[in-house]
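See structure below.
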Amino acid sequence: MKQDSLRNAAYTVDCEDYVHVIKFNPFDSGDACSLIAYGGNNYVVVGTCRFQEEDVEVEGIQYKTLRTFHHGIRVDAIAWSPESRLDALPPQIRFCTAASDKKLRLFTSDLHDKNEYKTFDGHSDYVNDLVFAPKEGQEIASVSDDHTCRVWDLEGNEKACFGLRSPGMSVCWHPEDEFKLMVAEKNGTIQFYDLITHQAILSLDCEQTPLMSADWCLKNTLKIGAVAGSDWLIWNISCSSYPQDKRPVHVDQARLFRWSRVNEHLFATIGYPGKATTQLLIHHLGHPQPILTGTAAVGSGLTWHRTLPLCAVGGDHKIFFWVTEM
């Protein structure tokens with residue numbers, strides 16, 4: 001765990017396997033450390049991180065594995081529950097995964113004796129993304145190649161199912177309005193659904209395909225970002241259903257888009273795993289060029305820290321962390 005030169009990752013953590021997906025807990029867990037989960041070929045590891053950017057007594061990064069959960073199959077997506085608390089007695093860890101067998105798995109653990117998981121069946125094709133309701137965490141939404149977005153309760157009962165016109169690639173829950181859901185489809189449309197009426201209330205159009213990933217900006221909920229083809233695109237939903245801004249970024253094709261959680265002008269994109277070494281790009285809307293290009297031969301997954309301008313990407317037996325300026 002060392003501080004590398006400028007364009008390399010600021011910090012790295014060694015892992016036992018290829019990291020397919022990685023996710024910082026976006027919710028406050030009641031602890032000074034940040035919860036992070038990453039998924040490999042048949043397990044999920046939950047750990048904590050603390051960085052010198054937030055604590056002068058830390059040298060670089062302080063990483064600790066809390067628990068390894070046997071998964072039995074490759075992990076494709078991870079979502080954290082807002083009910084995960086490290087300051088509770090006993091602590092509670094709760095997260096949900098999507099796997100290559102088209103099932104969701106809800107894990108609940110007290111990091112000691114209680115380790116449970118439930119399997120949710122219903123999707124007939126690969127699940128690309130999932131998210132917990134942000135306030136109470138009592139529902140989970142998932143999107144799939146089977147052209148549906150489904151909403152589940154914590155027992156695995158299906159509460160709603162929205163038919164899509166193409167594979168669902170990303171799903172986001174409005175951070176303040178728990179009855180609004182955003183679903184991004186591969187055909188380039190982004191739909192917003194009202195969970196009370198089960199109706200689509202707004203639609204955005206990329207005007208290009210394939211849309212691979214979209215994200216809702218938590219710092220300014222009028223902003224939506226996505227990657228489609230080799231471009232990133234930004235919308236202001238109060239102005240137009242067409243992108244306000246777009247730029248080509250990844251030569252082959254862009255794979256993931258994630259907004260920073262601390263700055264509405266900051267976001268990151270990555271290309272396809274294993275194509276090029278300049279995989280991770282961090283962008284600032286005030287700058288014509290990316291403000292940081294990550295040069296490690298990184299793999300997959302992309303996640304921002306809850307309170308720092310720091311993002312993490314999975315790789316081959318490694319997690320890479322990049323820090324940028326605000």
Side-chain angles (χ1 to χ4, degrees), residues 21-39 44-48 66-67 69 71 75-99 103-112 114-123 127-144 149-162 168 170-183 192-196 198 215-219 221 258-259 261 303-307:
V21 60
I22 184 162
K23 197 71 183 273
F24 274 117
N25 180 14
F27 307 107
D28 180 4
S29 65
D31 192 84
C33 297
S34 295
L35 281 165
I36 192 166
Y38 63 89
V44 177
V45 174
V46 169
T48 58
L66 295 179
R67 190 174 183 89
F69 296 86
H71 198 261
V75 185
D76 289 340
I78 297 173
W80 278 100
S81 164
E83 293 190 292
S84 294
R85 301 294 300 183
L86 290 174
D87 59 349
L89 284 172
Q92 171 162 281
I93 297 293
R94 177 171 280 164
F95 60 91
C96 192
T97 63
K103 294 177 175 35
L104 305 187
R105 288 169 176 79
L106 175 66
F107 289 82
T108 306
S109 170
D110 65 1
L111 300 174
H112 297 292
K114 181 189 167 189
N115 294 288
E116 307 167 352
Y117 82 89
K118 292 189 182 90
T119 305
F120 298 5
D121 289 303
H123 282 296
V127 177
N128 294 311
D129 196 18
L130 70 166
V131 64
F132 274 85
K135 289 220 162 63
E136 308 291 327
Q138 296 304 297
E139 290 182 314
I140 298 163
S142 56
V143 288
S144 164
C149 168
R150 295 168 196 254
V151 180
W152 318 77
D153 68 16
L154 298 189
E155 296 302 314
N157 302 307
E158 198 177 285
K159 310 296 283 181
C161 181
F162 301 104
S170 294
V171 59
C172 299
W173 221 297
H174 191 293
E176 281 101 39
D177 185 342
E178 57 196 299
F179 300 112
K180 286 201 177 71
L181 205 60
M182 181 194 95
V183 176
F192 296 81
Y193 292 96
D194 182 313
L195 291 177
I196 298 172
H198 290 195
D215 197 18
W216 208 326
C217 181
L218 297 189
K219 280 285 165 190
T221 54
R258 297 282 184 269
W259 287 105
R261 308 189 67 82
T303 185
W304 284 92
H305 191 278
R306 195 174 69 83
T307 57

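- From Asp28, atom CG reaches atom OG of Ser34 across 9.5 Å, with rounding to the nearest 0.5 Å.
- Put simply, CD on Glu83 and CZ on Phe27 are 10.5 Å apart, with the number rounded to the nearest 0.5 Å.
- His71 places a side-chain heavy atom less than 4.5 Å from the side chain of Phe107.
- Without hydrogens or angle criteria, Thr108 side chain to Arg94 main chain gives no donor-acceptor distance under 3.5 Å.
- The two residues Asp129 and Ser170 make their nearest non-hydrogen contact at OD2-CA, 3.3 Å.
- By the neighbour-count criterion of 12 heavy atoms within 6.0 Å, atom NZ of Lys159 is sparsely surrounded, having that number or fewer from other residues, nucleotides or ligands.
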Could you walk me through whether Phe120 and Asp153 pass the side-chain contact (heavy atoms from CB on, under 4.5 Å) check?
CA-CA 10 Å; Phe120 298 5; Asp153 68 16; 5.9 Å; no
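- From Leu89, atom CG reaches atom CG of Asp110 across 11.0 Å, with rounding to the nearest 0.5 Å.
- Considering every non-hydrogen atom in both His174 and Pro134, the closest pair reads O-CG, 3.5 Å.
- Of all the heavy atoms in Val21 and Ala77, the pair that sits closest is CG2-CA, 3.9 Å.
- Using modelled atom types, no side-chain atom of Arg67 and backbone atom of Gly47 make a donor-acceptor pair closer than 3.5 Å.
- No donor-acceptor pair under 3.5 Å is formed between the side chain of Trp173 and the backbone N or O of Val131.
- Other residues, nucleotides and ligands place no more than 12 heavy atoms under 6.0 Å from the CD atom of Glu136.
- Looking at heavy atoms from C-beta onward, Cys172 lies in side-chain contact with Asp215 at the 4.5 angstrom threshold.
- The two atoms that bring Ala160 and His198 nearest to each other are CB-CE1, 3.5 Å, heavy atoms only.
- No side-chain heavy atom of Thr48 sits under 4.5 Å from any side-chain heavy atom of Ile36.
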side-chain contact (heavy atoms from CB on, under 4.5 Å) evaluation trace for Thr221 with Asp177
CA-CA 10 Å; Thr221 54; Asp177 185 342; over 6 Å; no
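- From Phe95, atom CZ reaches atom OG of Ser109 across 8.0 Å, with rounding to the nearest 0.5 Å.
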side-chain contact (heavy atoms from CB on, under 4.5 Å) between Ile93 and Leu86, intermediate numbers included
CA-CA 8 Å; Ile93 297 293; Leu86 290 174; 4.1 Å; yes
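- Lys103 pairs in a side-chain contact (heavy atoms from CB on, under 4.5 Å) with only one of the listed residues (Asp121, Val127, Thr97), which is Asp121.
- With hydrogens and angles disregarded, no donor-acceptor distance shorter than 3.5 Å links the side chain of Trp259 to the backbone of Leu218.
- Once rounded to the nearest 0.5 Å, the distance linking CG of Leu130 with SG of Cys149 reads 10.5 Å.
- No donor-acceptor distance shorter than 3.5 angstrom exists from the side chain of Asp76 to the backbone of Ala98, with no hydrogens or angles considered.
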Given Trp152 and Leu104, is the side-chain contact (heavy atoms from CB on, under 4.5 Å) satisfied, shown in steps?
CA-CA 10 Å; Trp152 318 77; Leu104 305 187; 3.5 Å; yes
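- Asp87 places none of its side-chain heavy atoms less than 4.5 Å from the side chain of Asp31.
- For the side-chain contact (heavy atoms from CB on, under 4.5 Å) test with Cys96, the passing option among Trp80, Tyr117, Phe132 is Phe132; the others fail.
- To the nearest 0.5 Å, the span separating CG on Asn25 from CZ on Arg306 amounts to 7.5 Å.
- At least one side-chain heavy atom of Leu154 sits under 4.5 Å from a side-chain heavy atom of Gln138.
- Listed for the Asn128 side chain is a donor-acceptor partner under 3.5 Å among the backbone atoms of Gly168.
- Note on ring orientation: taking the six-membered ring where Trp is involved, the planes of Tyr193 and Phe162 are parallel (angle under 30°, cut-offs 30° and 60°).
- In terms of heavy atoms, Pro82 sits closest to Ala133 at CG-O, 3.5 Å.
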